Amino acid sequence: MYGKIKEFLTDELNSIESNGLLKKERIIITPQGANVKINSGEEVVIMCANNYLGLSSHPEVINAAKSALDSHGYGMSSVRFICGTQDIHKELERKIADFYGTEDTILYAAAFDANGGVFEPLFGEQDAIISDELNHASIIDGVRLAKAHRYRYKHSDMNDLEQQLIKAQDQRFRIIVTDGVFSMDGDLAKMDEICALAEKYDALVMTDECHSAGFIGKTGRGVPEHFGVMDKVDIITGTLGKALGGAMGGYTTGKKEIIELLRQRSRPYLFSNSLAPAIVGASLKVFELLSSTTELRDKLEENTLFFKENIKAAGFDIKPGDSPIVPIMLYDAALSQKFANRLLEEGVYAVGFFYPVVAKGQARIRTQISAAHSKADLDKAIAAFIKVGKELGVIN
Ligand SMILES: *Cc1c(COP(=O)(O)O)cnc(C)c1O
């Protein structure tokens, strides 16, 4: 009986393609790293991975994964509360809490699940969730699953946030939710001002640290550390799938009663498989590395400054911000695609983003810097940007 829907789906796909919105995947045939080989045989510098600290293929991380595979097996074949909890799961939860200075942590298969499962158990009909309009899709979906009243404030607009908080005063509990670093622009949430408003209007604060855990802040504790408000944030969610090794997995960390209720009621935790031992073992190593030295986040900061300075000096227009996400603005959608394709021919792998991923007329190449990039890698990327930029009339 597939007939009718097949036609419908084919039309839908055709319309996505004819609007130029079809996402095509390039194939990499080596591990993730500063340099990869793609299936055409070319060696390219990666400028668009979330591998901020270069840990995705770090030898110590790989070795830790291998030893956990030997000591704790391949899979758990269970959710956590049936027979899916090993000593290393508890150890990792403790380690993440120690890293943030929080009381407890709960692991998920992904940060998408952490955000998807955090609101519904904690906030009901009598409560309010107040969310930045540019928050990640997983927060938006998580909020949709809760019965709480929803308020949305204009991106990083503290006056608007205050207005929403005033409107939400009739509700029992309030929580302000924000991405720590917004991934498309690379800007940081104004966490100090958000926490001050939360105090004034009696609200909790939650931040999603997916694009900041491990490298934003003096010791890499994230956006709350950057603004000196680590003790004022109630709930932190994050991913193990970006800077922290890049495999997969997510977590929620914060006050112990909150975490305990999530263990009892959070649906993606209760009804989805336990994190694989190899990932848990490797993640323990990641947090050990990050707790012992700030070398990688310092290198990342240095690399980011170097890349930004050179790209700006070449005449490109970039979005300001304190993160290693450097959006190079082209404004025109077709140009962003052409630019990215030409970059690849020059040995630089970067992606052009345009509407609806970013606002209309705001097309860009979003570059992401890594501690794994050598000076030579960054020089190669800068030279390619300049060459293609001149060729396509973006710079003189
Ligand atoms: C990537 C990302 C997620 C999802 O993380 P996964 O662990 O890959 O599911 C959630 N929130 C933000 C802000 C992200 O950037």
Side-chain angles (χ1 to χ4, degrees), residues 23 25 32 48-53 55-56 92-93 96 100 105-119 129 131-145 152 155-156 175-191 194 205-217 222-224 226 233 235-254 262 266-269 271-276 278-280 282-283 286-287 319 321-327 351 353 357-358 366-370:
K23 294 177 191 69
E25 296 173 1
Q32 186 64 274
C48 51
N50 302 313
N51 183 21
Y52 298 111
L53 296 171
L55 294 175
S56 304
L92 179 59
E93 288 175 339
I96 294 173
Y100 285 106
T105 304
I106 176 173
L107 294 172
Y108 288 86
F112 207 105
D113 291 331
N115 286 332
V118 70
F119 301 106
I129 303 171
S131 180
D132 187 292
E133 65 178 351
L134 291 190
N135 278 344
H136 191 262
S138 55
I139 294 179
I140 295 170
D141 285 7
V143 171
R144 277 186 189 145
L145 293 172
R152 200 164 60 160
H155 176 52
S156 276
I175 183 166
I176 305 169
V177 187
T178 182
D179 282 15
V181 169
F182 291 86
S183 64
M184 282 301 143
D185 285 358
D187 57 321
L188 275 55
K190 298 168 182 162
M191 206 61 73
I194 289 172
V205 175
M206 168 177 150
T207 175
D208 174 339
E209 294 290 309
C210 281
H211 282 281
S212 44
F215 53 94
I216 297 288
V223 176
H226 179 92
V233 171
I235 302 177
I236 293 172
T237 58
T239 182
L240 303 171
K242 290 189 170 109
L244 306 175
M248 62 199 310
Y251 55 85
T252 300
T253 190
L262 294 177
S266 182
R267 291 162 70 84
Y269 182 80
F271 301 111
S272 189
N273 204 30
S274 181
L275 208 52
I279 293 176
V280 177
S283 302
V286 166
F287 280 97
K319 290 253 178 201
D322 289 316
S323 81
I325 296 170
V326 185
V351 176
F353 289 100
V357 177
V358 294
R366 180 185 68 171
T367 57
Q368 292 165 282
I369 310 304
S370 172

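Both counts, for ligands and for their atoms, begin at 1 and track the order of listing. Keep in mind it's a predicted model, so treat the numbers as computed, not measured.
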List, one per line, each side-chain donor-acceptor pair under 3.5 Å for residues 244-253, sequence neighbours excluded.
unit_1: Tyr251; atom_1: OH; unit_2: Tyr100; atom_2: OH; d: 2.6
unit_1: Thr253; atom_1: OG1; unit_2: Thr102; atom_2: OG1; d: 2.6
unit_1: Thr253; atom_1: OG1; unit_2: Asp104; atom_2: O; d: 3.0
unit_1: Thr253; atom_1: OG1; unit_2: Thr105; atom_2: OG1; d: 2.9

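- Listed here is the closest heavy atom pair of Lys190 and Ser156: NZ-O, 2.9 Å.
- Residues meeting the ring pair (Phe, Tyr, Trp, His ring centres under 6.0 Å) test with Phe215, sequence neighbours left out: Tyr52.
- Under the rule for a salt bridge (charged side-chain N to carboxylate O under 4.0 Å, His left out), Asp322 has no partner lying at least two apart in sequence or in another chain.
- One N or O on the side chain of Ser266 and one on the backbone of Gly117 form a donor-acceptor pair closer than 3.5 Å.
- Summarising the geometry of Thr178 relative to Ile194, their closest heavy-atom pair is CG2-CD1, 4.0 Å, with the distance given to 0.1 Å.
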Could you check ligand 1 for N or O atoms lying under 3.5 Å from protein N or O atoms and list the pairs with distances?
unit_1: ligand 1; atom_1: 7 (O); unit_2: Ala111; atom_2: N; d: 2.8
unit_1: ligand 1; atom_1: 7 (O); unit_2: Thr239; atom_2: OG1; d: 2.6
unit_1: ligand 1; atom_1: 9 (O); unit_2: Ala111; atom_2: N; d: 3.3
unit_1: ligand 1; atom_1: 9 (O); unit_2: Phe112; atom_2: N; d: 2.9
unit_1: ligand 1; atom_1: 11 (N); unit_2: His136; atom_2: ND1; d: 3.3
unit_1: ligand 1; atom_1: 11 (N); unit_2: Asp208; atom_2: OD2; d: 2.6
unit_1: ligand 1; atom_1: 15 (O); unit_2: His211; atom_2: NE2; d: 2.9
unit_1: ligand 1; atom_1: 15 (O); unit_2: Lys242; atom_2: NZ; d: 2.7

